[in-house]
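Below you'll find the structure, written out as structure tokens, and then a few comments.
Residue numbers begin at 1 in each chain, while the letters A, B, ... track the order of the sequences.
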Amino acid sequence: MGKRRDDRLSSRLVAVTVLGFLLLGPPILSLFDHGGLVLGVPLVWVYVFLAWAAVIGVVAALTSRAGRRPG
Amino acid sequence: MLGDTFVTVVAGVYLVLLFVVAYYGDRRARAGRSVIANGTVYSLSLAVYATSWTYYGGVGQAATSGLGFLPVYLGPTLMFALGWVVLRKIVRISRKHRITSLADFISARYGSSTRLGGLVTVLTVVGLLPFIALQLKTVSNSCEIIRLHPRVPTKWELAHVPFVQDTGLYLTFMLAAFAIWFGARHLDASERHEGMVVTIAFESVVKLVIFLIAGFYVVYGMFGGFGDLFELAAATPRTATTLAIDTGQGYGTWVWLTVLSMLAVILLPRQWQMTFVENTDERHLLRAMWMFPLYLLVINLFVLPIALGGLLRFGSGSAVDPDTFLLALPLAQGQELVTLLVFVGGLSTATGMIIVETVALSTMISNYLVMPLLLRSRSRLVEKDDLTGVILGVRRASIIVIMAAGYAYFRVFGGGVALVSFGLLSFVAVAQFAPSVFGGLFWRNGTRRGALAGLSAGFTAWIYTLLLPTFDKAGWLPGSLTEDGLFGQEWLRPQALFGMTGMDEISHAMFWSMLVNIGGYVAFSLAERLPPAALADAAVFVDALDDGGGARRWYGRITVADLRSLVERFLGSAGAARAFRDHLAEDHLGSSPEAEADPELIQYVESLLVGAVGPACARFVIASVTREDPMPAETIREILDEASQVAALEERHRLARELHDSVSQALFSMNLHTRALELAVQREDWERKEPVVLTLAELRELTQSALSEMRALIFQLRPGTLHEEGLVNAARRHLATVAAREGITISVEAPEERLTLTERAEQDLFRVIQEAAHNSIKHAGPAQISVRLHEDVLKPGTLVVEVSDNGIGFDPGIPHPGHLGLDGMRERTERLGGRLDIESSPSGSTVRAVIPGLLRPADVRHEDVGTAVPE
């Protein structure tokens with residue numbers, strides 16, 4: 001039934017949220033936060049945007065799959 | 001090129017364009033081809049989150065604290081990742097209960113309290129003023145910068161614009177007119193504004209595109225790309241510090257801001273309006289969950305580079321306000337086209353935010369503050385039949401008042417304060433609603449008193465730790481509150497309460513306000529026992545996602561044939577046949593009528609019945625036909641939990657009332673008319689009038705019996721009357737109608753004085769008597785039935801209920817297909833702690849329920865109505 005799939009989607013999204021909270025906060029954040037430049041750009045700046053984009057990407061993948069199979 | 005007049009013309013043209021867009025959206029909506037019925041427009045409309053704060057203030061913040069501006073956009077990303085779990089629930093509740101604002105939501109969750117709704121409204125208005133002031137400040141600043149160009153004005157100049165010269169003042173009133181046109185032109189029951197949503201989505205595109213253009217210009221036009229800009233910044237001591245997050249104060253602020261913005265992104269009135277009220281389909285959330293965060297990511301890409309560009313260009317000790325870098329950079333370079341675009345983009349962010357925010361606030365003000373007062377005072381204004389004019393007037397007036405107050409706030413307090421600190425002040429204010437809203441969504445035991453206590457405490461803390469210090473800074477308070485504390489008490493300093501230092505003011509305020517808010521909410525909620533009505537309210541919110549797509553599962557046992565005959569009663573045989581054929585074909589189930597129906601089929605039947613009789617009735621019907629299953633007690637309790645019982649009872653009362661008012665009355669007058677016709681015909685002198693007279697007599701009898709059947713039915717639907725009348729009287733009345741209908745004798749023998757029984761016991765026993773009489777008439781064809789109720793002489797307190805007949809008897813051991821009476825009677829008796837005996841012989845049968853300990857002395861009051869089981 002739709003219900004079961006819905007539950008699975010919800011649980012995965014909760015997991016993604018927790019992961020996002022961990023990736024985008026201390027102490028993981030502090031690993032990249034020493035003010036240095038990598039290839040001319042600040043490491044922490046690149047890291048935050050990449051991790052952020054990754055979270056959005058995973059959410060997009062999960063939800064678009066749910067959107068394709070209505071029910 | 002950038003003269004005063006030219007800029008005014010450009011701004012005017014832009015605003016006219018917005019009207020055109022809104023008009024187009026409204027027209028498409030009226031034509032039934034809505035523009036907003038897709039996830040992309042929905043996601044873009046949510047981007048009203050990115051206001052002037054993002055557009056100008058983000059750069060300003062980045063210039064002072066580097067990446068510290070980012071948590072405000074990371075929070076929404078995390079909250080929207082939870083969209084399918086949290087936001088969908090609110091969307092569904094709002095849809096189902098016609099909730100049109102945050103105040104509606106909180107009030108509806110806690111017993112439709114106007115007081116609570118009023119409190120929420122007042123707090124929102126007070127909390128949001130700084131935010132509106134922020135927008136007006138940016139509008140005023142940007143106008144001033146354009147006016148003074150090509151010179152770039154200093155921070156001091158911007159903070160001291162003469163009152164009459166301030167273009168912001170005139171724009172404020174223009175924006176108020178704009179908001180009125182968008183949101184308070186006419187009244188709509190759903191409070192949806194398609195034109196407004198289209199406009200906001202359009203503005204979101206405009207501001208994003210322009211911001212990117214400005215970003216590209218700064219990074220590639222003024223510097224040699226990202227690498228060049230960053231390397232230059234890293235080499236300059238003043239800007240090098242902004243390339244790291246932790247500037248010596250740790251990550252506390254970062255985490256607090258993330259949490260704070262997670263809450264604010266749904267609790268800000270404009271976000272609530274866009275996310276929940278203007279949502280047309282919950283599936284749009286699926287796209288918004290990633291597209292809205294993506295929008296925020298893209299718009300923030302250039303914030304840090306622009307801030308660095310500004311610092312490098314104007315020098316670190318510059319008098320230019322970092323909040324205006326976005327405009328000042330191209331202006332200082334003489335790039336007039338980019339400057340103009342940035343100005344239009346800024347106007348776009350401010351107008352979008354102000355329109356939605358004031359519309360949402362004005363709805364709350366009129367619904368929870370002004371209208372209740374007007375209605376209560378019986379003012380002459382509200383004596384008219386049509387209140388539309390009054391309501392619209394109130395809303396328009398409140399929009400103007402809000403705007404004026406926002407402007408005043410900005411003039412009084414806003415001079416030299418950074419944009420971001422205004423915004424965060426409002427963020428913390430709306431975050432105070434979080435415990436009541438999320439507690440209400442996921443916790444059954446939250447109560448109105450808890451919500452009132454939590455909100456009041458949280459807001460008091462907000463006022464003390466955040467708002468008062470801004471008053472203090474403006475020199476409004478005697479003494480120096482921020483420095484020395486209240487009454488000169490060091491430990492009462494608003495920004496270091498109880499000596500708590502080492503946190504920035506926002507984190508500090510969040511900690512204390514959330515502590516007292518959540519504490520008050522939980523403590524007051526746990527202190528009281530919830531009445532069933534409050535539990536029913538809670539269930540509507542907490543279980544919002546359960547009763548739509550995936551309903552509760554039924555574990556009852558019933559055959560497919562029985563289920564089908566049930567559906568036939570509601571949908572007719574043709575409808576039932578079609579429904580069953582469709583369902584069985586779809587799921588490839590075995591279609592043997594004797595097979596036991598699986599939970600999915602039962603659930604499907606429930607959904608069919610919902611269409612016919614509404615959810616509460618459907619649940620009740622299914623619960624009663626599947627009751628013979630030896631379910632665990634918990635499951636029974638869960639199925640018939642108090643919430644659904646309350647709902648079912650209400651539904652039944654309504655049904656009874658309507659049947660009484662419509663069908664009963666019709667039958668009654670049919671009966672009268674038939675009788676009149678009969679008499680008239682009898683007086684006539686026709687040749688062959690006999691058949692007519694006979695048919696008329698038959699017709700009258702039919703209507704008569706239909707009428708009494710209807711009365712019996714109405715009576716059954718109203719279990720409350722049973723308790724008013726008492727079991728014995730109710731049984732007598734019911735049996736008298738049955739006897740009249742069936743043409744048999746039914747005698748009732750019972751003690752004169754009223755039996756002292758709980759309501760539950762009365763109901764169950766009434767059903768047992770009713771069912772036993774019904775059984776006997778249906779299967780044994782008796783001429784006489786006698787019903788006896790008495791106390792067992794040997795065992796005091798034991799009640800014996802006997803229903804016996806002189807019919808042909810039946811075998812109690814053989815199950816009767818399609819008929820669940822005996823088991824139901826047994827279950828009811830056992831629930832009361834008794835047992836059911838059945839004796840049957842060809843000369844008659846007796847059903848006897850013996851329930852020990854049920855009769856108690858009359859002077860004992862039973863508080864536990866629901867349980868009648870003795871120890």
Portion of [X] that has a non-hydrogen atom of chain A nearer than 4.5 angstrom:
X: B/L301; result: both
X: B/N300; result: both
X: B/L67; result: side chain
X: B/V86; result: neither

Which atoms of [X] come close to chain B, meaning under 4.5 Å heavy atom to heavy atom: side chain ones, backbone ones, both, or neither?
X: A/V55; answer: side chain
X: A/L9; answer: side chain
X: A/V18; answer: neither

### Message
With no hydrogens and no angle check, just 3.5 Å: does a side-chain donor-acceptor pair link B/T77 and A/W52?
### Response
yes
### Short side-chain donor-acceptor distance under 3.5 Å, B/D504 and B/S507
yes
### Task
Identify which one of B/F69, B/F211, B/Y73 satisfies the side chain to side chain contact (heavy atoms under 4.5 Å, CB included) criterion when paired with B/T54.
B/Y73
### Query
Residues in side-chain contact (heavy atoms from CB on, under 4.5 Å) with B/A434, at least two apart?
B/L263, B/L267, B/F438
### Query
What pairs with A/S30 under side-chain contact (heavy atoms from CB on, under 4.5 Å), at least two apart in sequence or on another chain?
A/P27, B/Y251
### Query
Top residue by heavy-atom pair count (under 4.5 Å) with chain B, among A/G57, A/P26, A/G20?
A/P26
### Query
Hey, does the side chain of B/D281 reach the backbone of B/H284 with a donor-acceptor pair shorter than 3.5 angstrom?
no
### Task
Determine the option with the most heavy-atom pairs under 4.5 angstrom with chain A, choosing from B/M291, B/R88, B/M262, B/R287.
B/R88
### Task
Sort out for me which of B/L70, B/T258, B/V255 touches chain A most, counting heavy-atom pairs under 4.5 Å.
B/L70
#### Entry: Output field: ring centroids B/F302/B/F216 closer than 6.0 Å
yes
